[in-house]
Amino acid sequence: MFTSANPFTFCTPTKVLFGKDAIEGLPAEMAKCGHSVLLVYGGGSIKKTGLYDKVKTLLKDFSVYELSGVEPNPRVTSVNAGARLCREHKIDMVLAVGGGSVLDCCKVICDAAFYEGDAWDLVLDSSKVTKALPLFTVLTLAATGSEFDNSAVISNLATNEKLPISHELNFPRCSVLDPTYTMSVSKKQTAAGCADIMSHIFEQYIVDGTNMVSEGLCDSVLRTVVKFGKIAWDNGSDYTARANLMWASSLACNGICALGSDTGAWVCHGIEHELSAYYDITHGEGLAILTPVLMKYTLNDKTVERYASFAKNVFGIDKADKFEAARAGIEALEQFFASIGLPKTLREVGINEKVHFKAMAEHACKTFPISEAYVPLTPEQVVEILERCF
Ligand code: NZQ
Ligand code: ZN
């Protein structure tokens, strides 16, 4: 039985505008914060879908400056470029239109607009964030939950690092969640998004103490992804599937699903960020490769009940032997990942060498509390896990 209900403080100050054409309400929200806006987007998907034109029309009464080309695994160089524009033009607010990478980049642009030095200093030490511009977001990919949380993950190619920064000033002021904007997301990114949403739940779910409300929320998000992930993968234009995935993505990473539970160490994310930092792979694909391996590696007397409960509540697997049930649940997860074309090995995403594994494992254990996780791991064990993904 899981009985814990720890004390907690919780606040998500982000206003959510959800549904088809919800964007119509955005200009009124933005007008509360001023007149000049930095519009930030990625490599051009919003131009292909027509969303760029829609946004420009809606912003006709604002002074709009632009930063385009934000990379997947956003670079600190893009953050610095955005912050410079904000300072130069005395910009009032930032509007991010895109996936998690654009949103994350914008969060730190908002912080760095008030910081004269390299934005990387803020990523390394978030206590240096003292003030932030208001951030508005229009989400185009259901995955990270960045639209509804206060975290960002930024890459620094010069140091081979990809690090998270969280700060209470980094919640978006308002996020537009229109599922129709995700209909153009490729099968690859749809699947990667599913793996990411599920991983956010696993990071909070495979912990020692939890409570019934929390477990129910976690199970529900996982079941939602299993059901609608496949439907969205088969038919990208299915509104119900896209809508369910979008809301699941927002709930999975903002902490609400784990209120009252013990804090997870985010082991899988700690290791994946190393893979993305060294090899620039898609975050969700890295997680999909690592997750089943990590689950099997950490299946023991302590965790077996959690994994068996996952098997039962998400996949309906009920076996008298808890270990058998747990293993069957992990297998069902692998089958789900395979059914939406996710990779199973590092080789499939182009990683053909093990030369950096030791450095990656050491860095992961330094930047995430992996040695204090529910199943604590040493850098040597992290290397072993990476080798099992090969
Ligand atoms: O750049 P564009 O042209 O927009 O194309 C993007 C990009 O190539 C494309 N895309 C996005 N929306 C689309 C679309 N293509 C067609 N139609 C659309 N509607 O998808 C590609 C990937 O986009 P990206 O933003 O990189 O994906 P995602 O949303 O998965 O974000 C991944 C980043 O978020 C971080 C990851 O580490 C990674 O850097 N994370 C952020 C978190 C947070 N803020 O809380 C938590 C997560 O665990 C994660 O670490
Ligand atoms: Zn993630």
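Just follow the structure's listing: the first ligand is 1, and inside any ligand the first atom is 1.
Protein non-hydrogen atoms do not reach within 4.0 Å of atom 6 (C) of ligand 1.
Within 6.0 Å of NZ in Lys230 there are more than 12 heavy atoms belonging to other residues, nucleotides or ligands.
Between Gly44 and ligand 1, an N or O atom pair is found at a separation short of 3.5 Å. Some N or O of Gly43 is nearer than 3.5 Å to an N or O of ligand 1, by distance alone. For ligand 1, the polar-atom distance check against Leu141 finds no nitrogen or oxygen pair separated by under 3.5 Å. For the pair Tyr181 and ligand 1, the shortest N or O to N or O distance falls below 3.5 Å. Checking only distances, Ser101 does come within under 3.5 Å of ligand 1, N or O to N or O.
When the Zn ion (ligand 2) is compared with the N/O/S atoms of His269, atom NE2 turns out nearest. Atom NE2 is the N, O or S atom of His283 at the shortest distance from the Zn ion (ligand 2). The N, O or S atom of Asp196 lying closest to the Zn ion (ligand 2) is OD1. For His200, the N, O or S atom with the smallest separation from the Zn ion (ligand 2) is NE2.
Between the side chains of His273 and His363, not a single donor N or O lies within less than 3.5 Å of an accepting N or O. A side-chain N or O of Tyr297 and one of Glu384 form a donor-acceptor pair less than 3.5 Å apart. At a cut-off of 3.5 Å, with distance as the only test, a side-chain donor of Asp219 or Tyr205 sits close to an acceptor on the other residue. Neither side chain, Asn244 nor Thr224, offers a donor N or O lying under 3.5 Å from an acceptor on the other. Side chains of Glu274 and Tyr279: a donor-acceptor N/O pair is absent below 3.5 angstrom, by distance only. Using modelled atom types and a 3.5 Å distance limit, the side chains of Thr303 and Asn300 yield a donor-acceptor pair. For the residue pair Tyr52 and Glu66, a side-chain donor N or O sits within less than 3.5 Å of a side-chain acceptor on the partner.
For atom 3 (O) of ligand 1, the closest heavy atom belonging to the protein is Ser45 N, 2.9 Å. Gly100 N, 2.7 Å is the protein heavy atom nearest to atom 29 (O) of ligand 1. Counting protein heavy atoms only, atom 8 (O) of ligand 1 is closest to Pro72 CG, 3.9 Å. Among all non-hydrogen protein atoms, the one lying nearest atom 17 (N) of ligand 1 is Ser184 OG, 2.8 Å. The nearest protein atom to atom 30 (O) of ligand 1, hydrogens excluded, is given as Ala143 CB, 3.7 Å; this is a heavy-atom distance.
Within the listing of ligand 1, atoms 43 (C), 44 (N), 45 (O) sit less than 4.0 angstrom from a heavy atom of Ser151. For ligand 1 and Gly42, the ligand atoms under 4.0 Å from any heavy atom of the residue are 1 (O). Counting the atoms of ligand 1 from 1 in the order shown, those under 4.0 Å from a heavy atom of Ser146 are 44 (N). Of all the atoms in ligand 1, the ones that sit under 4.0 Å from a non-hydrogen atom of Asn73 are 38 (C), 39 (O). Counting atoms of ligand 1 from 1 in the listed order, those under 4.0 Å from a heavy atom of Val153 are 40 (N), 41 (C), 50 (O). Using a 4.0 Å cut-off to heavy atoms of His269, the atoms of ligand 1 that qualify are 48 (O).
The pair Glu29-Lys15 counts as a salt bridge, with a side-chain nitrogen and a carboxylate oxygen less than 4.0 angstrom apart. Taking 4.0 Å as the cut-off between side-chain N and carboxylate O, Lys54 and Glu24 count as a salt-bridged pair.
Note that CE of Met246 is 8.0 Å distant from OG1 of Thr180, once rounded to the nearest 0.5 Å. Separation of atoms OG1 (Thr130) and CG (Asp111) is listed at 8.5 Å; rounding is to 0.5 Å.
With a 6.0 Å cutoff to the six-membered ring centre and a 45° limit on the axis angle, Arg242 does not count as a cation-pi contact of Phe228. Taking the ring axis of Tyr115 as reference, the NZ or CZ atom of Lys128 does not stay both within 45° of it and closer than 6.0 Å to the ring centre.
Taking each of His283, Lys162, Glu71 in turn, the one with a heavy atom nearest to atom 39 (O) of ligand 1 proves to be Lys162. Comparing heavy-atom distances from atom 44 (N) of ligand 1 across Thr182, Thr144, Asp104 singles out Asp104 as nearest. Ranked by closest heavy atom to atom 43 (C) of ligand 1, the top entry among Thr49, Asp149, Asp196 is Asp149. Ranked by closest heavy atom to atom 48 (O) of ligand 1, the top entry among Gln189, His200, Met183, Glu272 is His200.
A donor-acceptor pair is defined here as one N or O able to donate and one able to accept, closer than 3.5 Å; no such pair exists between the side chain of Lys187 and the backbone of Gly341. Between the side chain of Thr291 and the backbone N or O of Leu287 there is at least one donor-acceptor pair closer than 3.5 Å. With Glu348 contributing its side chain and Thr345 its backbone, the two residues share a donor-acceptor pair below 3.5 Å.
Here Glu272 fails the criterion, with no N, O or S atom under 2.8 Å of the Zn ion (ligand 2). Metal site remark for the Zn ion (ligand 2): Cys253 contributes no N, O or S atom at a distance under 2.8 Å.
With ring centers used as reference points, Phe336 lies 6.0 Å or more from Phe315.
With a heavy-atom cut-off of 4.0 Å, Thr140 touches ligand 1 through backbone and side chain alike. Neither the backbone nor the side chain of Lys48 comes within 4.0 Å of ligand 1, counting heavy atoms alone. With a 4.0 Å cut-off on non-hydrogen atoms, Ile46 does not touch ligand 1 at all.
Residue contacts with ligand 1: Pro74 is included, with a non-hydrogen atom under 4.0 Å away.
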